[in-house]
Amino acid sequence: MTIIPNIRRAILKGAAFSLIAGTLASGLVIHTVQAEDRLAELKEQGFARISIANEPPWTQVNADGTVSGAAPEVARAVMKKLGVDEVLATVSEYGAMIPGLQAGRFDMVTAGLFIKPERCAAVIFSQPDLCDGESFAVKKGNPLSITTYEELGAHKSVKVGAPGGGTEERLALEAGVSRDRVIVVPDAQSGIKMLQDGRIDVYALPFLSNSDLLKKADDPNLEIVAPIEGTPIYCAGAAFNKKNVALRDAYDEVLADMKKSGEFAKIVEPFGFNAKLASLQTRENLCEGKQ
């Protein structure tokens, strides 16, 4: 097990979280323990490792290196109630999150990772926390008149940007967009820049993510197409290694109490999420592909 001197001093206090560079986190190995012992170990060491993206309002890396966003804030609140006071966050590409979780490089993925059947086969999820629908960011006036994924597939030259390993990349490929026209973007901000520069025609992201990006870009030449007909409303949850069922179950109990008390709504609604949506869907339905 790799030992990092003074790692506790690297943790920032308060409403934000520490950001540990991905290159550093890739060298961290979490000691394998029995599922029922994992929460006790996290309490003893005083922190848990989470994997995040950088896609506001789901997750956000601030200029000073601290991390916020609805998903990490929910995770922090739940873990604190479970007796784990601090969280170390690592930025990962979506395609690397589940393999990293399986390899034990972190304890949870709290990045707005949608609950899907294929993911449920690889990891275990909490009950839903954050829900959203699909959208396209396009040039003003939507010059190519693209409003659905099927229209993306039928068009023979349109280029669509999407996060690597994410739902939007899969939806585009399944709709018939050729691999060479699905452009994997390294981060959310790069996708908007590529749209502005004409390197892509459509940038596919959840509505809240695109809304935040366009608000920050403050570019009158861009607009959002939403909702995208034929796409479901997705819900995300915290993802755990399959060995850690007891930890996931304890997380679920606290999350349910927070939803009932209204504390959950106070955390997620300032980020633009509708807290009620998370209570209208279940992990079981989503794992069976029922949106």
Side-chain angles (χ1 to χ4, degrees), residues 19 21-22 52-71 91-97 111-114 130 132-231 234 236 271-273:
L19 174 64
I52 64 165
N54 184 15
E55 189 179 321
W58 307 80
T59 57
Q60 179 174 331
V61 180
N62 302 315
D64 62 358
T66 59
V67 175
S68 187
V91 172
S92 305
E93 292 184 356
Y94 280 100
M97 289 176 179
L113 192 67
F114 291 144
L130 306 176
D132 196 10
E134 294 296 332
S135 73
F136 296 152
V138 297
K139 291 290 183 67
K140 185 71 174 179
N142 193 10
L144 298 180
S145 298
I146 299 295
T147 61
T148 67
Y149 276 93
E150 288 70 23
E151 290 171 350
L152 280 176
H155 202 290
K156 300 307 178 184
S157 63
V158 65
K159 292 184 178 180
V160 55
T167 297
E168 293 76 23
E169 179 185 29
R170 179 181 60 79
L171 286 172
L173 292 171
E174 288 180 350
V177 183
S178 60
R179 175 73 265 182
D180 64 305
R181 293 193 290 117
V182 180
I183 311 302
V184 174
V185 299
D187 56 70
Q189 293 75 18
S190 295
I192 290 297
K193 184 65 165 59
M194 292 168 72
L195 180 62
Q196 291 171 320
D197 293 345
R199 288 182 286 166
I200 59 175
D201 304 293
V202 174
Y203 188 27
L205 280 179
F207 175 75
L208 283 166
S209 301
N210 261 333
S211 295
D212 182 81
L213 288 169
L214 264 64
K215 180 180 178 180
K216 291 177 178 176
D218 193 25
D219 186 343
N221 296 312
L222 302 179
E223 65 179 43
I224 292 179
V225 175
I228 304 303
E229 183 179 346
T231 62
Y234 296 107
F271 291 98
F273 290 92

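- Residues satisfying the ring-ring contact (aromatic ring centres under 6.0 Å, His included) test with Y94, not counting sequence neighbours, are none.
- Residue pairs meeting the ring-ring contact (aromatic ring centres under 6.0 Å, His included) criterion with at least one partner in residues 179-226, sequence neighbours excluded, do not occur; the list is empty.
- Considering D219, D218, I224 in turn, D219 is the only one that fulfils the side chain to side chain contact (heavy atoms under 4.5 Å, CB included) rule with L222.
- Two residues are said to be in side-chain contact when any heavy atoms from C-beta on lie closer than 4.5 Å; E174 and R170 meet this criterion.
- Pairing each heavy atom of T167 with each of E134, the nearest pair is CG2-OE2, 3.9 Å.
- Across all non-hydrogen atoms, the minimal contact from E151 to T147 is OE1-N, 2.6 Å.
- Screening V202, V177, I200, V138 for a side chain to side chain contact (heavy atoms under 4.5 Å, CB included) with V158, the sole residue that qualifies is V202.
- In terms of heavy-atom proximity, V185 sits nearest to M194 at CG1-SD, 3.4 Å.
- Put simply, CD1 on I52 and CD on Q60 are 10.0 Å apart, with the number rounded to the nearest 0.5 Å.
- Heavy atoms only, all atoms of each residue included: W58 and A236 are closest at CZ3-CB, 4.2 Å.
- For residues 145-168, the set of pairs meeting the ring-ring contact (aromatic ring centres under 6.0 Å, His included) definition, not counting sequence neighbours, comprises F136-Y149.
- Within the 3.5 Å criterion, the main-chain N or O of A53 finds a donor-acceptor partner in the side chain of T59.
- The distance from atom CG of D212 to atom CZ of F271, rounded to the nearest 0.5 Å, is 10.5 Å.
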Go through the steps for V184 and E169 under the test side-chain contact (heavy atoms from CB on, under 4.5 Å), then give the verdict.
CA-CA 8 Å; V184 174; E169 179 185 29; 3.5 Å; yes
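- Contact detail for A71 and G112: the closest heavy-atom pair is CB-N, 3.9 Å.
- Here the CD-NZ distance, from Q189 to K216, works out to 6.5 Å after rounding to the nearest 0.5 Å.
- Between V160 and R181 there is no side-chain heavy-atom pair separated by less than 4.5 Å.
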N54 vs D187, test: side-chain contact (heavy atoms from CB on, under 4.5 Å). Steps then yes/no.
CA-CA 7 Å; N54 184 15; D187 56 70; 5.7 Å; no
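- Around NZ of K193, the count of heavy atoms belonging to other residues, nucleotides or ligands within 6.0 Å does not exceed 12.
- Within the 4.5 Å cutoff, the side chain of E55 has heavy atoms near those of the L205 side chain.
- To the nearest 0.5 Å, atoms NZ (K139) and CD1 (I146) are separated by 14.5 Å.
- With hydrogens and angles ignored, the 3.5 Å screen pairs a side-chain donor or acceptor of D201 with a backbone N or O of K159.
- For I192 against A217, the heavy-atom pair with the smallest separation is CG2-CB, 4.1 Å.
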Test N142 against E223 for side-chain contact (heavy atoms from CB on, under 4.5 Å), laying out the working first.
CA-CA 8 Å; N142 193 10; E223 65 179 43; 4.0 Å; yes
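- The shortest distance between side-chain heavy atoms of E168 and P206 falls below 4.5 Å.
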